[in-house]
Amino acid sequence: MTDYTHIFQGTAFSSKSPTEVEILKNHLFCVNTNGIIEKIVAPEDNDYQTLLHMYDGKENFHRLAEGQYFLPGFVDLHVHAPQWAQSGTALDIPLFDWLNTYTFPIESRFSDLDFAKKVYEDVVSTLLANGTTTALYFATVHKEASILLAKICAEKGQRGLVGKVVMDDHEQTPEYYRDADTKSALEDTEQFILAVKELAKSVKQGVYPVVTPRFIPSCTSEGLQGLGALAAKYDTHVQSHCSESDWAHGYVQEKYGKNDAFALHDFGLLRDKSVMAHCNFLDDADADLFAQTGTAISHCPISNAYFANSVIPVAHFHEKGVEIGLGSDISGGFSPSLFDNIRQAVMSSRMLEDGVNPALPATERGVPNSRITVNEAFYLATAGGGESLSLPIGRLAENYTWDVQVIDTTIASAKFPLYDANEELHDIFQKIMYLARPENIREVWVQGEKVHSRM
Ligand code: GUN
Ligand code: FE
């Protein structure tokens with residue numbers, strides 16, 4: 001029988017499809033030396049007892065205690081790592097003012113590597129403690145600090161996909177915070193890609209460089225064209241903001257006479273490994289283009305409540321075959337927790353479906369068929385994120401990575417209302433989705449390595 005590096009025994013929840021959650025009751029998860037789930041064994045399978053007999057009591061055998069459950073680690077598809085420094089502040093003004101008054105000044109401070117190290121170490125540790133095992137990060141325009149963020153992910157054991165941000169349009173960006181010119185923006189991006197690819201050679205869980213035009217309004221056409229060419233040359237992931245707010249969406253229509261999606265596509269920026277944040281104002285042709293090119297949406301429900309002037313029709317885009325994951329959008333979204341974003345995704349979709357203006361008759365108030373269930377929001381935070389990034393993550397299934405959070409429902413300061421020994425496991429799953437707090441996340445594992453524990 002194969003020699004496994006770890007065997008875990010317990011009950012797990014994992015998405016079977018966007019709408020269905022699979023409950024793996026008291027299964028064995030056999031993890032190999034590369035941190036991949038090589039085999040999952042159900043209690044009724046032949047080798048269950050044999051494996052138990054071989055491994056039980058050994059140091060590499062881990063049995064969950066009563067009241068503990070496995071969930072896949074979360075995949076956060078949109079985080080501005082430097083903005084952690086201002087999380088929770090300045091949310092009462094529109095996007096354009098927020099960027100210029102608060103966000104560009106704070107991001108400009110990341111030319112200072114000591115400051116960058118402090119904030120980046122905190123944000124990576126905080127996200128891990130909140131169950132986020134993979135994060136797609138915007139850093140800042142600074143090449144060195146962006147490489148530092150990738151190194152910090154590598155050291156702390158998080159799977160980080162990191163982008164040096166490009167802002168090369170001097171008409172639209174402040175002198176104190178932008179690329180010196182288009183040529184240097186592209187050179188710095190290429191050097192950044194090469195440095196992160198070199199770093200990745202020695203990182204078990206992987207780190208990845210991401211081509212990152214901030215959004216069309218901060219970039220020149222030459223810059224966007226050059227970034228599309230770099231993404232193709234190095235086959236990298238791509239990220240940006242797309243059709244986020246009335247202002248940002250309108251700016252692109254005015255400049256290029258088309259929506260963001262087609263403009264980005266013209267520059268070679270919509271690829272299978274592209275993830276576009278927000279996308280509230282995609283029309284059906286834009287959504288079809290996303291589906292055709294394999295471009296994914298990072299749905300950022302908390303941030304959207306502040307800056308996007310609308311609720312994204314996420315159920316409609318899913319139906320059209322677009323890949324979708326979930327993003328915290330720190331600090332447009334204040335919370336580092338994808339549990340909070342799962343809750344907001346469900347609540348926002350319900351408000352879109354029912355409508356929000358009580359002065360209107362019920363039949364005119366909302367958009368039918370807009371709601372998503374908590375199962376679907378969980379899918380977005382896990383398997384949907386994995387598919388969006390084209391990585392084998394976000395599911396507890398064979399050939400996926402052992403990226404896991406151990407949820408403990410019995411922690412004294414955050415005890416779950418569980419009073420019936422025979423409570424349905426799907427009800428327990430729902431309670432976890434709505435009630436879990438960081439205290440309940442007892443352990444976090446990435447690629448078979450324990451990266452966080454709370455005793
Ligand atoms: N559009 C351009 N930059 C940003 C940003 O930092 N946050 C959000 N939410 N939207 C943006
Ligand atoms: Fe953002």
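Start at 1 and go down the list; that is how both ligands and their atoms are numbered.
Counting only heavy atoms of the protein, atom 7 (N) of ligand 1 lies nearest to Trp98 CZ3, 3.4 Å. Considering only non-hydrogen protein atoms, atom 6 (O) of ligand 1 sits nearest to Arg214 NH2, 2.7 Å.
Heavy atoms from other residues, nucleotides or ligands lying under 6.0 Å from CG of Asn357 number more than 12. Taking a 6.0 Å sphere around NZ of Lys431, one finds it holds more than 12 heavy atoms contributed by other residues, nucleotides or ligands.
Distances below 4.0 Å separate heavy atoms of Glu244 from the following atoms of ligand 1: 1 (N), 8 (C), 9 (N), 10 (N), 11 (C). Each of the following atoms of ligand 1 lies closer than 4.0 Å to a heavy atom of Phe215: 1 (N), 2 (C). Atom numbering of ligand 1 starts at 1 in the shown order; those under 4.0 Å from a heavy atom of Asp329 are 8 (C), 9 (N).
Checking side-chain atoms of Ser240 against main-chain N and O of Arg214 turns up a donor-acceptor pair under 3.5 Å. Thr293 places a side-chain N or O within donor-acceptor distance of the main-chain N or O of Phe290, the cut-off being under 3.5 Å. Asp329 contributes no side-chain N or O that, together with a main-chain N or O of Ser303, makes up a donor-acceptor pair within less than 3.5 Å.
Residue contacts with ligand 1 leave out Phe138, since none of its heavy atoms falls under 4.0 Å from the ligand.
At least one N/O/S atom of His241, whether from backbone or side chain, sits less than 2.8 Å from the Fe ion (ligand 2). Here His80 meets the criterion, with an N, O or S atom under 2.8 Å of the Fe ion (ligand 2). In summary, Asp329 places an N/O/S atom under 2.8 Å from the Fe ion (ligand 2), meeting the contact criterion.
Note on ring orientation: taking the six-membered ring where Trp is involved, the planes of His278 and His78 are perpendicular (angle over 60°, cut-offs 30° and 60°).
Neither the backbone nor the side chain of Tyr102 comes within contact range of ligand 1; no heavy atom lies under 4.0 Å.
Looking only at atom types and distance, the side chain of Glu190 has a donor-acceptor partner in the side chain of Tyr234 under 3.5 Å away. For the residue pair Lys273 / Thr236, no side-chain donor-acceptor distance below 3.5 Å is found, with atom types taken as modelled.
Comparing heavy-atom distances from atom 5 (C) of ligand 1 across His78, Glu107, His80, Met167 singles out His80 as nearest.
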